[in-house]
Amino acid sequence: MNRDRTLTVLGYLGGFVLLFLVWHLVATWLARSVLFPPPGPVFERAMVLVEDGLLQEAVLASLRRIAQGFLIGSAVGIPIGLAIGSFRPVRAILEPWTEFFRFIPAVAMITVAVIWFGIGEESKVFLIAYTTVFVVIIATAAGVGAVARDKIRAAQCLGASRLQVFALVALPATLPFILTGMRLAMANAFVTIVAAELVASNDGLGKMLWDARLFMQVEDIFVALVTLGLLGFTVDRAFRLAIRAFAGRYNPTM
């Protein structure tokens, strides 16, 4: 197991080294332009921002909003998805709502969020929760529908009540779908946070991108982009490790 983890870490490191090497070669030889700096100046600018504390402040602000909206969206989406997948009347009522709103992107809801909640934290958290909830609902409902009926019938033949069938059969079988939906929703949250912070925000990585665009600070733009990519990768790996630690027996392939 330790050997496998070591090989995995080395593979990740090799992948990132290759990524930055290709970036350097393209920026240096194939697309030489002040608008596409190589990694060296970008990392130097990142060190300056770290020393000034600006990069850490932006990262913490964005992660705080992502965490709050993601937890709210997941907490709302999981029970709704379970209800849609378990009860046909609930599905008939709520499925049109879900299908209607999930095709309205969170970016299109920015104006509505600002009108409803103002330019403070609430509007940004709302947008993250909005982009999270429908992905989790769809994945959870699909998981309930995928539960093998033979397992349910076997539990019923052994005298299990409806509550026991749900808690001991349906919910564990649905858990891999829930976790997969949450991983996909986390990716959507990272996409949405940038757009949310472009509108009337005082901090965050989206604000950094907007300011850099206004003043043509190209290195700052790439610092924000690289930071978003590395944060997303790190959060996704941490999410997978948490799944293996707390729910690995239900979803061993994660």
Side-chain angles (χ1 to χ4, degrees), residues 8-70 105-107 110 113-114 119-128 131-132 183-241:
T8 301
V9 172
L10 291 176
Y12 291 157
L13 292 176
F16 279 114
V17 169
L18 180 61
L19 170 64
F20 291 119
L21 178 61
V22 171
W23 175 10
H24 175 77
L25 293 175
V26 172
T28 305
W29 298 98
L30 298 180
R32 299 183 63 180
S33 171
V34 295
L35 301 179
F36 185 34
V42 174
F43 291 146
E44 291 176 4
R45 179 58 181 165
M47 292 299 101
V48 173
L49 293 174
V50 169
E51 291 175 0
D52 294 338
L54 298 177
L55 185 58
Q56 300 95 305
E57 180 181 347
V59 168
L60 290 175
S62 294
L63 287 180
R64 182 182 67 251
R65 293 162 183 153
I66 289 174
Q68 291 174 348
F70 177 78
V107 176
I110 290 178
V114 173
I119 61 175
E121 294 296 303
E122 291 82 2
S123 60
K124 300 167 185 60
V125 173
F126 165 78
L127 289 170
I128 300 300
T131 198
T132 299
R183 285 187 65 201
L184 295 174
M186 178 62 74
N188 286 353
F190 271 83
V191 173
T192 303
I193 190 62
V194 175
E197 290 176 343
L198 290 178
V199 180
S201 181
N202 294 323
D203 52 15
L205 292 171
K207 173 66 172 176
M208 178 184 291
L209 279 169
W210 181 256
D211 289 345
R213 169 189 172 276
L214 290 178
F215 298 103
M216 285 301 293
Q217 298 171 328
V218 181
E219 285 82 7
D220 285 30
I221 293 175
F222 279 86
V223 168
L225 294 176
V226 171
T227 302
L228 281 168
L230 292 176
L231 281 177
F233 177 84
T234 303
V235 170
D236 185 73
R237 298 304 101 174
F239 198 81
R240 291 184 65 178
L241 288 175

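Values below: every heavy atom of this structure, side chains too, minus hydrogens, waters and symmetry copies. Owing to the predicted nature of the structure, the values given are computational and were not obtained by experimental measurement.
A heavy-atom distance below 4.5 Å is found between the side chains of R65 and D203. At least one side-chain heavy atom of L55 sits less than 4.5 Å from a side-chain heavy atom of T227. Under the 4.5 Å side-chain criterion, counting only non-hydrogen atoms from C-beta, M186 is not in contact with D236. Using a 4.5 Å heavy-atom cutoff, the side chains of E122 and V125 are not in contact.
Between the side chain of Q56 and the main chain of V50, a donor-acceptor pair closer than 3.5 Å is present. Checked by atom type and distance alone, the side chain of S62 never pairs as donor or acceptor with a backbone atom of V59 at under 3.5 Å. A donor-acceptor contact shorter than 3.5 Å is absent between the side chain of T192 and the backbone of I128.
Once rounded to the nearest 0.5 Å, the distance linking CZ of R45 with CD of Q217 reads 6.0 Å. Atom CZ of F20 and atom CZ of F43 lie 4.0 Å apart (nearest 0.5 Å). With rounding to the nearest 0.5 Å, the separation of CZ in R237 from OG1 in T8 is 9.5 Å. Atoms CG and CD, on L49 and E219 in that order, are 10.5 Å from each other to the nearest 0.5 Å. Going from atom CG of L228 over to atom CG of L209 covers 6.5 Å, rounded to the nearest 0.5 Å.
Residues meeting the side chain to side chain donor-acceptor pair (under 3.5 Å) test with N188, sequence neighbours left out: none. Residues passing the ring pair (Phe, Tyr, Trp, His ring centres under 6.0 Å) test with F222, sequence neighbours excluded: W23, F36.
Residues D211 and K207 are paired through a salt bridge, judged by an N-O separation under 4.0 Å between the basic side chain and the carboxylate.
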Side chain to side chain contact (heavy atoms under 4.5 Å, CB included) for V235 and F190? Distances and angles first, verdict last.
CA-CA 10 Å; V235 170; F190 271 83; 3.9 Å; yes
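In this structure, R213 is not positioned above the aromatic face of F215 in the sense of NZ or CZ being under 6.0 Å from the six-membered ring centre and within 45° of the axis.
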